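Residue numbers begin at 1 in each chain, while the letters A, B, ... track the order of the sequences. Computed from a prediction, not measured in an experiment: that's the story for all the values here.
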Amino acid sequence: MLEKTYDPKPVEEARLAAWEAAKLYKATAGTAVPFTIVIPPPNVTGALHIGHALNNTLQDAFIRHQRLRGRPTCWIPGTDHGGIATQNVMEKQLKAEKVDRQALGRAAFLERMQAWTRDCKKTILGQLRRLGCSLDWEREAFTMDEARAKAVFVAFKTLWEKGLIYRGERLVNWCVRCGTALSDIEVEREERKGGLYHIHYKLEGGGEGAVVATTRPETMFGDTAVAVSPKDSRWTHLVGKKVLIPFISRAIPVIADAHVDFEFGTGCLKVTPAHDQADWEIGQRHGLPAIKAIGPDGKLTEAAGLYAGLSREKGRDQVIADLESTGLLRKKEDHKSAVQVCYRCGSVIEPLLSLQWFVKQIELAKPALKALDEGQFKIYPSNWTKPYRDWLVNMRDWCVSRQIWWGHRIPVWYKDGAEPRVSLESPGPGWTQDPDVLDTWFSSALWPLSVFGWPDKTADLAYYYPTSTLVTGYEILYLWVARMQMMGLAFEGKVPFSEAVIHGIVRDRGGKKMSKSIGNVIDPLLMMDKYGTDALRFSLMAQAHPGRDIAFDEQSVLAARNFVNKLWNSTRFVLMNLPESSKGVRYQLEALSSARLELADAWILSRYQATLAKAQLHLDAYEPAVAAEALYAFLWDEFCDWYIELAKGRLTGAEGVEKEAARTILVGVLVGTVKALHPLMPFVTEELYGALKPFVGETTEFILNGGYQTAARDWSNPAAEKEMGLLMGAVTSIRSLRAQLNVPLGLKIKALASGPLAADVVGKHNSYVSLLARLEILQASVGPRPAQSATAVADGVTFYVPLAGLIDFTKERERLAKDLVKAEGDIGKCEAKLNNLTAAPNVPAEKIVEAKSQHEAAVARSARLKETLAVLSWP
RNA sequence: GCCCAGUUGGCGCAGUGGUAGCGCGUUCCCUUGACAUGGGAAAGGUCAUAGGUUCAAAUCCUAUACUGGGCACCA
């Protein structure tokens, strides 16, 4: 016998152990097209957060769903070494221990990183297990393990040989804090307040000179020109002359360039090719030299004269102060500008001229564009397609070298006087390897290939590649998704996955981004501890509308927990009503005799079928929220609240075919629903399935081994759904009357039915209505409405409930008057619709029939309410 | 600046042309043999605004406002 409330902990532990022991998640193969997902490998930076819980629950739900539909499935687990992010974590640890990274040395540092990675992987993979992820654990991969290192090397070498990788001195995004270059998409923009400074540059040899406007005065020591717009008559007289940089008095030419906007600032732009992208381009056009005013350490260089050695920030303050005191600062305006910051540490990016490795993008992007335009690759929801496409079209070369230690070391060796060589090992004495490592996204880009053993032509690669779907957040659409497409097409000629499912971010209750500094982060483990894994999963899935962010409220996990418990208890109820002796009797829906079905039976079977179809359809379409909603509403509002209550009539009665029919439907519908819920809440459903399966003659050990319940019969029954709907309305009307007139439950009441449906209600469905509305007697009303009675009006039937001495007639009149207002409103709406339809051409006849019956029903309801009110005025 | 989403009861969200729904919360009643993690009842929204298309608009179109996001930026 099941416990009274569901206790997740022991069930989850037992199920995890059983699944693991049975190697249930081992990838399956078969003749059908496999459904394959590679996990977006979490960085080994710490524990999983709620976003990971969302991402992985989605994947697990899709994988389980496809497997239950009968497809071979494969879901690959793994982790990412995470480059800068992970190195930052380690650096923080070292700082706390007061250890200097440089003093520690590269080898010792990497050893510590390996140890950290081992621990972290264990944590992350353990958390994925706990979340119930049906990952094929034997295929665990890491972006820096041996197999993946081989893939990285071969990819690098191949690109090198094709001439798609080059080394060159370019202006790159430099993070001063991380001490490394970043790619363009690793840079974020933040609006910050600052100043716009108007600085006077004197004319060489005397004269007025120019006034430039800049937000970065400290870079002036790197200026190599002043540019004005060719159309700007204010400054044309200066073009060709030279001006002097303040303090260092280096002379620089005044040039004309169309890039300059003469309406901005003073119309004079100082050109610093070594520290600004636009200036770099002007420099290229005019053959200007690039002089570095700021070094990789973020400090002003020798070029800054007396200011050398100051940090960027201090240098700026000092320069401004000195300009002011020397009268060269002509004006200072407040100015908002979008500064670039490092996506990992948030510090301000310094555009810096440096020697880096780049991957040419144009040729790689072309096949990716083609795949998109020809429909080989689709993005869900589709509104991300355009940004993705635009990015592919406009991308610049990808800077792949990083000046950190943690990562795949660039496999290029140098020797004086020799051409550099690409090699894993040292080519011989005297060769030194490039000290830099590759961008972590380089290995991530190869992930769908490398997890299947690429570059080797493995059987796995042949069978599982291309994979089916990639599930990820929109924040790494360019960083990762696009690059996988490019690499997959470049190396295997096929898209790595034909669909990308883009989900949103989990935010806090108020819609704010979760962050440790604000302190609004939700720990998924805590939620699992408190409410159970299934509750967390269901809560996330119920809110996971494609591409939309989730405002996460702990209340929703509580609600999901309650739903899990509802499922648990409905199963408990059904089991209680199945005689132990019937284990093996095989209750089967297929065997039911249609002639013996009651209205409620036909109704619930019809609803059951429609619900399962809806849930599957939406899981196919990657819309788990709709599936979750449908199953939730069916199980709770229809199966439990109505069907179980009605079945109680037969279950408490004598043994016989009617009772057996009720048992068959209860257990059959429940088993099917449990299986349908399995992708969303694997633990509790597995447990319940274990308890239910003996009664339906199933011996499959786990739900995943069996598959969804397949319908051998078509239960669809619109007539039963409609009739049941009327009956439910009738029941609700009496319940409402009871509640509003405060008729105590203990009071035995009688109801008299009149109206067109009265005969049916009293004849065929007497027991249903009596049971659910708690009536002592339900009879047809003969003669006039009894005095001293309350009235409940439903579609097709009116009930009189004699309540001598109990009714407050004023209250009753108020109640009915309110109903009347609503009924009249309905008539208005129905009338408008009917008039519209009859006046309009080309309206299908059945639409008019439907509108007519709706109108008639509303009119009838209103008429009966009016009658009653009239009678009530003289009780 | 360009582009994309969103705007529906207190909160969070469904709802792609035909009488506005759900969950949570709120109010009242109820411990009746599955479940108080429960049951019943009720209150609460002219679906951001202004136009338009249509017999009929939360739903389609246009504009505006606000919010969020993507991209590109004036140094």
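One finds no side-chain N or O of A/H275 lying less than 4.0 angstrom from the OP1 or OP2 phosphate oxygen of B/rA75. Within the structure, every side-chain polar atom (N or O) of A/N836 is placed at least 4.0 Å from both OP1 and OP2 of B/rU54. For B/rG12, the OP1/OP2 oxygens have no side-chain nitrogen or oxygen of A/S556 closer than 4.0 Å. Listed pair A/K566 / B/rG39 meets the phosphate criterion, a side-chain N or O lying under 4.0 Å from OP1 or OP2. Listed pair A/K818 / B/rA43 meets the phosphate criterion, a side-chain N or O lying under 4.0 Å from OP1 or OP2. One finds a side-chain N or O of A/W636 lying less than 4.0 angstrom from the OP1 or OP2 phosphate oxygen of B/rG39. Distances shorter than 4.0 Å separate some side-chain N or O of A/K648 from OP1 or OP2 on B/rA34. Here A/H335 does not reach the OP1 or OP2 of B/rC74: none of its side-chain N or O atoms lies under 4.0 Å away. OP1 or OP2 of B/rA14 lies within a sub-4.0 Å distance of a side-chain N or O belonging to A/R548.
In the set B/rA34, B/rG23, B/rC73, B/rC73 carries the atom at the smallest distance from any side-chain atom of A/A338. Side-chain proximity of A/K833 to the nucleotides B/rG18, B/rG68, B/rG12 is greatest for B/rG18. Closest to the side chain of A/T5, from the set B/rA42, B/rG18, B/rU37, is B/rU37. The side chain of A/R735 lies closest to B/rG40 when the candidates are B/rA75, B/rG40, B/rU37. Which of B/rC74, B/rG12, B/rG40 sits closest to the side chain of A/A551 comes down to B/rG12. Of the candidate nucleotides B/rG18, B/rC73, B/rG69, B/rG18 has the atom nearest to the side chain of A/L837. In the set B/rC74, B/rA5, B/rC35, B/rA5 carries the atom at the smallest distance from any side-chain atom of A/N383. Nearest nucleotide to the A/C640 side chain, out of B/rU19, B/rA34, B/rG23: B/rA34. Of the listed nucleotides (B/rU32, B/rC74, B/rG25), B/rC74 has the atom at the smallest distance from the side chain of A/H259. For A/Y478, whose side chain is taken as the heavy atoms from C-beta onward, the closest listed nucleotide among B/rG23, B/rC73, B/rG70 is B/rG70.
Looking at heavy-atom distances under 4.0 Å, A/T272 makes no contact with the nucleic acid at all. When heavy atoms are screened at a 4.0 angstrom cut-off, A/A625 is found touching no nucleic acid atom at all. In this structure, A/Y632 reaches the sugar-phosphate backbone alone: every heavy-atom distance under 4.0 Å involves primed, P, OP1 or OP2 atoms, never a base. As judged by a 4.0 angstrom heavy-atom cut-off over every strand, A/E850 is placed among residues making no nucleic acid contact. A/A840 comes within 4.0 angstrom of a nucleotide base, judged by non-hydrogen atoms across all strands. When heavy atoms are screened at a 4.0 angstrom cut-off, A/D279 is found touching no nucleic acid atom at all.
Between the CD1 atom of A/I379 and the C1' atom of B/rC3 there is a distance of 15 Å, given to the nearest Å. The CZ-P distance, from A/F573 to B/rG39, rounds to 14 Å in whole Å.
Applying the side-chain contact (heavy atoms from CB on, under 4.5 Å) rule to A/V260 yields the partners A/A227, A/S229, A/L269; only residues at least two apart in sequence or on another chain are considered.
You'll find the side chain of A/F563 stays beyond 4.5 Å of the side chain of A/V684, heavy atoms only.
Nucleotides of RNA chain B nearest to A/D641 and A/Q555 differ in position, and the one nearer the 5' end is that of A/Q555.
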Given Watson-Crick or G-U pairs with both distances under 3.5 Å, what dot-bracket string fits RNA chain B, with | for other-strand pairs and [ ] for crossing? ((((((((.[[[[.)..(..]]]].(((((.......))))).....[[[[[..)....]]]]])))))))....

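Residues A/D795 and A/R861 are paired through a salt bridge, judged by an N-O separation under 4.0 Å between the basic side chain and the carboxylate. For the pair A/E350 and A/R216, the salt-bridge criterion is met [side-chain N within less than 4.0 Å of a carboxylate O].
The side chain to side chain contact (heavy atoms under 4.5 Å, CB included) with A/E850 is formed by just one residue from the set A/E846, A/K852, A/K847, A/Q854; it is A/Q854.
Between the A/D276 side chain and the A/T272 main chain, no donor and acceptor come within less than 3.5 Å of each other. For the pair A/D534 (side chain) and A/L680 (backbone), a donor-acceptor distance under 3.5 Å is absent.
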Side-chain polar contacts of residues 539-552 of chain A - donor-acceptor pairs under 3.5 angstrom, sequence neighbours left out - could you list them?
unit_1 : atom_1 : unit_2 : atom_2 : d
A/S539 : OG     : A/S556 : OG     : 3.1
A/Q543 : NE2    : A/S539 : O      : 3.0
A/Q543 : NE2    : A/S556 : OG     : 3.3
A/D549 : OD1    : A/Y474 : OH     : 3.0
A/D549 : OD1    : A/I505 : N      : 2.8
A/D549 : OD2    : A/Y474 : OH     : 3.2
A/D549 : OD2    : A/R507 : NE     : 2.6
A/D549 : OD2    : A/R507 : NH2    : 3.1

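B/rC3 and B/rA72 are spaced 10 Å apart, taking the C1' atom of each and rounding to whole Å. When the C1' atom is compared between B/rU31 and B/rU26, the two are found 22 Å apart, to the nearest whole Å.
Under 3.5 Å, the side chain of A/K386 and the base of B/rC3 form no donor-acceptor pair of N or O atoms.
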